[in-house]
Protein chains: 2
Amino acid sequence: MYELFFQAFNEKVPLTSEEQETIKTFLTPKKLRKKQYLLQEGDICKYIAFVEKGALKSYVIDDAGTERITQFALEGWTISDLYSFLTGEPATYHIDAIEDAELVLISKAAHEELLQKVPKYETYIRLQITGAYIALQRRLTSIISLPIEERYKNLIALYPSIVQRVPQHMIASYMGLTPETLSRVRGRVSGKK
Amino acid sequence: MYELFFQAFNEKVPLTSEEQETIKTFLTPKKLRKKQYLLQEGDICKYIAFVEKGALKSYVIDDAGTERITQFALEGWTISDLYSFLTGEPATYHIDAIEDAELVLISKAAHEELLQKVPKYETYIRLQITGAYIALQRRLTSIISLPIEERYKNLIALYPSIVQRVPQHMIASYMGLTPETLSRVRGRVSGKK
DNA sequence: AAATTCCCTTGATTTTAATCAATGACTGAT
DNA sequence: ATCAGTCATTGATTAAAATCAAGGGAATTT
């Protein structure tokens, strides 16, 4: 249990087996069926979720009632509404399962105790969030500086598994486009090359 | 010296005066004139810069040769090409001064030694980057889910000092718009209210 | 003080993406 | 096996932003 989680952890910060056992006592496994919510807007986000298996997405609903996807999380990724988790304020994002999923949950209490008791946990979190920050910065830069076709090619290059596994209308939502527009972009991209 | 830096640090993680003195030995002050570079694309990013005074921006140049601003940093903010800083790879961003500025620089060597020697520094960095991540996530969410007018209003509400101090064509660049479009958006926003 | 550069606005036109609408393929459930 | 729902594509039209172009202030330089 928690294989992938500890694999990812050890790659960032190598753990002794005692440390690993300590950390284990703070983790909770959870399974989620496709379409089930992990978090709904307005609720307090109680967990950081690490994806052992399956796929989730986080999103907001815009004024027109359309789902706007802010993040995907496949195996090995972490997902949460971090602001809500850290502050206890109501969540601004929804999170649900795109596919049946197995998660490793870290509760707020566990998170705080781990930060106190296991120095390597703080390092893990720091590195984790640094990686997430850099990825987000890249995504934002590509949105404001590249034409749509290039953004789509980048997405394929960077996250081929997302493009393969996730329905296209979700990719469109993630890119801030309509499904029709993405379909035409795909036509142009594959036609041209 | 370093007043604002330590004020920001202490707000996140309170320091004893000894700790503060230790950290001081790792910091370097630097002044930058308006339009001077702190970093150019392709160079290795050697510093994390904290802004004591003045204003900087980071940006990329797109295929059409247009500057696309990814971040502003006013007093109290931190700016860097974090990926380049951490990995030693060539920078993808330019950073320069919008106004004459006074900075506090943390070099790579200082950063690493501080992480080793001063546990509170790691906590500071963790909280710092967490805040930056949350801010970036908000910005991205507003880009993909809100109409331009709302995005502009949000920007004014969240960062009034940026909108006041920075020329409008830079705000346009930051929002991924042309200056003409932003000008018309402003007309609509002020006309309507 | 004059000249130059920078900055913002406004108008006309073109380009791009969104919307509206319809169709066919595939999926899953009963 | 059928029916409902999901999903992607394509076409026609509308809406929005970019581009092209020009002008007028304000600030900075000489």
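Numbers restart at 1 for each chain; the letters A, B, ... are given by sequence-line order, proteins then strands.
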Nearest-Å distance, [atom1] ([X]) to [atom2] ([N])?
X         : N       : atom1 : atom2 : value
Ile144(A) : dA17(D) : CD1   : P     : 17 Å
Arg33(A)  : dG28(C) : CZ    : P     : 15 Å
Lys35(B)  : dT5(C)  : NZ    : P     : 11 Å
Glu149(A) : dT16(C) : CD    : P     : 10 Å
Lys34(A)  : dC7(D)  : NZ    : C1'   : 11 Å
Met175(A) : dA18(C) : CE    : C1'   : 15 Å
Tyr152(A) : dA17(C) : OH    : C1'   : 17 Å
Gln168(B) : dA27(D) : CD    : C1'   : 16 Å

Will you find, in the side chains of Gln168(B) and Ser183(B), an N or O donor that is under 3.5 Å from an N or O acceptor?
no

Taking the six-membered ring for Trp, are His111(A) and Phe85(A) parallel (under 30°), tilted (30 to 60°) or perpendicular (over 60°)?
perpendicular

To the side chain of Ile148(A), which of dT9(C), dA17(C), dT9(D) is closest?
dA17(C)

Which of the following nucleotides, dT19(D), dC8(C), dA17(D), is nearest to the side chain of Arg188(B)?
dA17(D)

On DNA chain D, nearest-nucleotide positions of His169(A) versus Val185(B): which is more 5'?
His169(A)

Confirm from the modelled atom types if Glu180(A) and dC20(C) form a donor-acceptor pair under 3.5 Å, side chain to base only.
yes

Hey, is the main chain of Ala91(A) close enough, under 3.5 Å, to the side chain of Asp43(A) for a donor-acceptor pair?
no

Check this one for me: any side-chain N or O of [X] less than 4.0 Å away from OP1 or OP2 of [N]?
X         : N       : value
Thr178(B) : dA17(D) : no
Arg184(B) : dT9(C)  : no
Thr181(A) : dA17(C) : no

Below 4.0 angstrom, N of the basic side chain to O of the carboxylate: do Arg184(A) and Glu180(A) qualify?
no

Between Asp96(A) and Lys57(A), is there a salt bridge with N-O shorter than 4.0 Å?
yes

When we call it a touch if two heavy atoms are under 4.0 Å apart, what does Leu182(A) touch: a base, just sugar-phosphate, or nothing?
nothing

Please state the P separation for the pair dC7(C) and dA21(D) - nearest whole angstrom.
22 Å

